[in-house]
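Notes follow once the structure below has been shown.
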Amino acid sequence: MTQKIAILPGDGIGPEIIAEAVKVLHALNLDLQLETAPVGGAGYEAAGHPLPPATLKLAQESDAILFGAVGDWKYDTLERALRPEQAILGLRKALGLFANFRPAICYEQLVNASSLKPELVSGLDILIIRELTGDIYFGQPRGRRTAEDGHFPGAEEAFDTMRYSRPEIERIAHVAFQAAQKRSKRVTSVDKANVLETFQLWKDVMTEVGQQYPDVQLDHMYVDNAAMQLVRAPKRFDVVVTGNMFGDILSDEASMLTGSIGMLPSASLNDKKQGLYEPSHGSAPDIAGQGIANPLATILSAAMMLRFSLGHEAAAQRIEAAVQKVLAQGLRTADIYSEGTTKVSTAQMGDAVVAAL
Ligand code: IPM
Ligand code: MG
């Protein structure tokens, strides 16, 4: 049966890197129907909204979504509901994409690109699992008002609500423990239970669910300590599971340890294995249109898509092997270039992956 993929390039370098991933998908000769729609700033330009109804409908009807990136400074002055970021938040909410997988892998060929000492990151392979549809990101109520109490009654104030329900924590816990079973059987749950009620419940539920996985070792860490340990001894981690806000911050930190944020894919899944796949980096409007962006994170996101949502494990492995091969050949986009390697453009990198397939 033909599988349908929504291709949402978005803004900045999004269209350039998506074009290379689409090349790779075509080269695999699978029975895939690719349909493109505007999102983010491009959605706003085309239809007056970052997530136009037709784009949302396409996403809902597809087996998977391949997403580029959204955002550009020129939309910073729009009201919040119209800003490009609302597209990705809206898709997460509408499709219930609660489980976000962000691997941070240090490729051996790029070990010197890390800002940490090579021995700290060589062989690094962490999987951050971020809860993606709850927490302070989506908690209601939120808004602005005049303070009735607090330090400055009568002053203007803004507020957001951090909240998690037990079932929300349970389902992401199961995702994390099951992922760990396929790896080195260790989970670190990151919380702030020493201060926040929300994360005391998080910790309690993680411990309870962990009892159903006696083969997996669970430890708990406060988020401030986790941020420190990530740069002190990152290899002590394997699977890290945390809430939406902490996961946003820690996944950026972890990605930078690898020295190659241009290499890192991500997946956001719902309970039907429908997923949105996107590079971990952003839209980089400063280099858009120059043909120098690294398409490998997007190409590797397409591999994750084939694996997790479309059931094409062999094709996923072929892509991953092809990426290893182009790195071994010494091909590098500007972001991962070092002396003695060959600098290539976005399109040349995509072509090289296709050739390696
Ligand atoms: C991410 C991004 C988003 C987030 C933004 C663009 C809304 O930073 O995917 O990590 O905060 O989740
Ligand atoms: Mg982020």
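Note that ligands are numbered from 1 as they come in the structure, with each ligand's atoms numbered from 1 the same way. Just so you know, these numbers come straight off a predicted model, no measurement behind them.
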With a 4.0 Å cut-off on N to O distance, would you call D248 and R130 a salt bridge?
yes
Looking at E85, R83, Q86, R92, the heavy atom closest to atom 3 (C) of ligand 1 belongs to R92
For atom 1 (C) of ligand 1, what is the nearest protein heavy atom, given as residue, atom name and distance?
R102 NH2, 3.4 Å
Using a 4.0 Å cut-off to any heavy atom of R130, which atoms of ligand 1 qualify?
1 (C), 4 (C), 9 (O), 10 (O), 11 (O), 12 (O)
Options D252, D248, L89, ranked by nearest heavy atom to atom 8 (O) of ligand 1, top entry:
D248
Could you verify whether a donor N or O on one side chain and an acceptor N or O on the other, from S268 and Y277, lie under 3.5 Å apart?
no
Of all N, O or S atoms in D248, which has the smallest distance to the Mg ion (ligand 2)?
OD1
To check your reading of the model: name the closest protein heavy atom to atom 4 (C) of ligand 1, its residue, and the distance in Å.
Y137 OH, 3.4 Å
Given the side-chain rings of F101 and F308, with only the six-membered ring counted for Trp, is the space between their centroids under 6.0 Å?
yes
On a heavy-atom basis, the closest approach of L120 and R232 is CD2-O, 3.7 Å
Which one of T36, I7, I5, I299 satisfies the side-chain contact (heavy atoms from CB on, under 4.5 Å) criterion with V22?
I7
